[in-house]
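In this chain, numbering begins with 1 at the start of the sequence shown.
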Amino acid sequence: QVQLVESGGGLVQAGNSLRLSCAASGRTFSSYAMGWFRQAPGKERELVARINWIGSVTYYADSVKGRFTISRDNAKSTVYLQMNVLKPEDTAVYYCATHENYYLLGSAGTYWGQGTQLTVSS
């Protein structure tokens, strides 16, 4: 099994920055894609960013493009989400996810972390 543990969430003022981390353990492979989803109250879970394990392909939601950066450290089996110029609209529970297939991240076969809360105050 694959286990994912998120950290780095918390309360931050609008305009500031924060970095989320997600550490993977268990039967993981260096070729696994990883990414971040978020879910705000009353809203559907949405894909925020994803990256293939070699870092050659990335995706960002339009709402975070230019502000967020996804990266990974394979030696530490960890994926990061650097979040800059945070807005109140970014408030949500952020979930780390991994899948063997980059394009199937979020679909069947996805492993999920338990989530970390980000609250951005104005």
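Residues Val79 and Val2 share a single hydrophobic cluster, defined by chaining ILVMFWY side chains whose heavy atoms lie under 4.5 Å apart. Hydrophobic clustering (side-chain heavy atoms under 4.5 Å, transitive across Ile, Leu, Val, Met, Phe, Trp, Tyr) groups Phe37 together with Tyr103. Under the 4.5 Å side-chain heavy-atom criterion for ILVMFWY residues, no single connected hydrophobic cluster contains both Leu105 and Tyr32.
The shortest non-hydrogen separation linking Thr98 to Ala33 is OG1-O, 2.8 Å.
The salt bridge (Lys or Arg N to Asp or Glu O under 4.0 Å) test applied to Arg50 returns no partner, not counting sequence neighbours.
Glu89 places none of its side-chain heavy atoms less than 4.5 Å from the side chain of Ser63. At least one side-chain heavy atom of Thr119 sits less than 4.5 Å from a side-chain heavy atom of Leu11.
The main-chain N or O of Ser31 is never found under 3.5 Å from a side-chain atom of Glu100 such that the two would form a donor-acceptor pair.
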- Query: Can you list the steps and then say if Arg38 with Thr91 is a side chain to side chain contact (heavy atoms under 4.5 Å, CB included)?
  - Reply: CA-CA 9 Å; Arg38 68 184 181 187; Thr91 296; over 6 Å; no
- Message: For a side chain to side chain contact (heavy atoms under 4.5 Å, CB included) check, start with the C-alpha distance between Ile70 and Tyr60, then their side-chain angles and the critical distance, and finish with the verdict.
- Response: CA-CA 9 Å; Ile70 188 169; Tyr60 297 95; 3.4 Å; yes
- Can you list the steps and then say if Leu20 with Leu118 is a side chain to side chain contact (heavy atoms under 4.5 Å, CB included)? CA-CA 9 Å; Leu20 303 182; Leu118 170 67; 5.6 Å; no
- Can you check side chain to side chain contact (heavy atoms under 4.5 Å, CB included) on Trp112 and Arg45, steps first, answer last? CA-CA 12 Å; Trp112 298 93; Arg45 181 174 54 189; 3.5 Å; yes
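In summary, Asp90 and Lys87 do not engage in a salt bridge, as defined by a charged side-chain N under 4.0 Å from a carboxylate O.
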